[in-house]
Amino acid sequence: MTDTASAGQTPALLGPADVRRIAAELEIRPTKKLGQNFVHDPNTVRRIVGLAEVSEADVVLEVGPGLGSLTLGLLAAGARVVAVEIDPVLARRLPTTVGGRAPRAVERLDVHTADALRLIAADLAHPPTTLVANLPYNVAVPVVLHLLAELPSLRRALVMVQTEVADRMAASPGGRVYGVPSVKLAWHGHARKVAAVPRAVFWPVPNVDSALVSFVRGEPPAGAERRTVFAVIDAAFAQRRKTLRAALATWAGSAQRAEQLLRAAEIDPATRGEQLTVADFARIAAQV
Ligand code: SAM
């Protein structure tokens, strides 16, 4: 293995042969269940790190470091990396991979063998400032929402997700893809789809397209608690073709009560949830 870091150069990122070799050494077969599609293209890693604007001042939370492709790029930018990997075989190997390529960076790497969906602030010695991850696609939205709720230190994020999910995360009211992920993410801040990523950069090649989403935290709307607002959002989109008067009937107790709350929030009860901004949802929740 090349020790380029000790020669004062940027640590060598993992290419296709490295990824195959480490996977063979570990005798792993990437599973769909854990969304294991590993990036084997250094240019993609550099692009992600650049778009994430990672610097030495950052503590990066990386969910699912896998074989370490992105981890090496993040460490090369000078950041501290807190890597959370659910697969114990991959988590155990990560410090060895980093140590072989960038020995001096190992002290800036913390590895947690854990489910990101269960992570809480108390688990981490260094509060992360930014989330940068090639996310496991089947749990991408729950992971992002969970981490934004649990880790107030997170101010921004740059995540790779399935293109369809990227479109939902960044959608504005009124569109066909605007839904629960769009509004709940808007509660925490502003999401934007920033780039498409070709399938060929992954091993194994996934059967869906991928895209990068950039996120910056903002102030949530005032006046109501997140849990209450999210309950209204869930109710509104559970029956998205219905008017809000009908869709919110169970949540409010009756259609009549839903209508009262909507009118008090100055929202037409005949509107559908897909027309409302997160501030509108917060106004409805504030009437309870
Ligand atoms: N970052 C690596 C890369 O770019 O090559 C791997 C990304 S792969 C798409 C997703 C990774 O997330 C896998 O390593 C998988 O084991 C891990 N993973 C899946 N579910 C997870 C969870 N709930 N918490 C933490 N890691 C998870």
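Order of listing sets the numbers, starting from 1, for every ligand and every atom in it. Values reported hereafter were calculated over all heavy atoms of this structure, with side chains retained and with hydrogens, waters and symmetry mates removed. Start at 1 with the first residue, then count along the sequence. From a predicted model like this one, the values you see are computed outputs, not experimental measurements.
- Comment: E25 engages R93 in a salt bridge, judged by a side-chain N to carboxylate O separation of less than 4.0 angstrom.
- The aromatic rings of F237 and Y178 stand perpendicular to each other, their planes meeting at an angle above 60°, with 30° marking the opposite boundary.
- No more than 12 heavy atoms of other residues, nucleotides or ligands shown are found within 6.0 angstrom of CD on E53.
- In this structure, ligand 1 sits under 4.0 Å from heavy atoms belonging to L34, G35, Q36, N37, F38, V39, E62, G64, P65, G66, S69, V84, E85, I86, D87, L90, A114, D115, A116, N134, L135, P136.
- Salt bridge annotation for D58-R80: absent, with no cationic side-chain nitrogen under 4.0 angstrom from a carboxylate oxygen.
- Rounded to the nearest 0.5 Å, atoms CG (D18) and CG (L67) are 10.0 Å apart.
- Salt-bridge check for R245 with D268: failed, with every basic side-chain N at 4.0 Å or more from each acidic carboxylate O.
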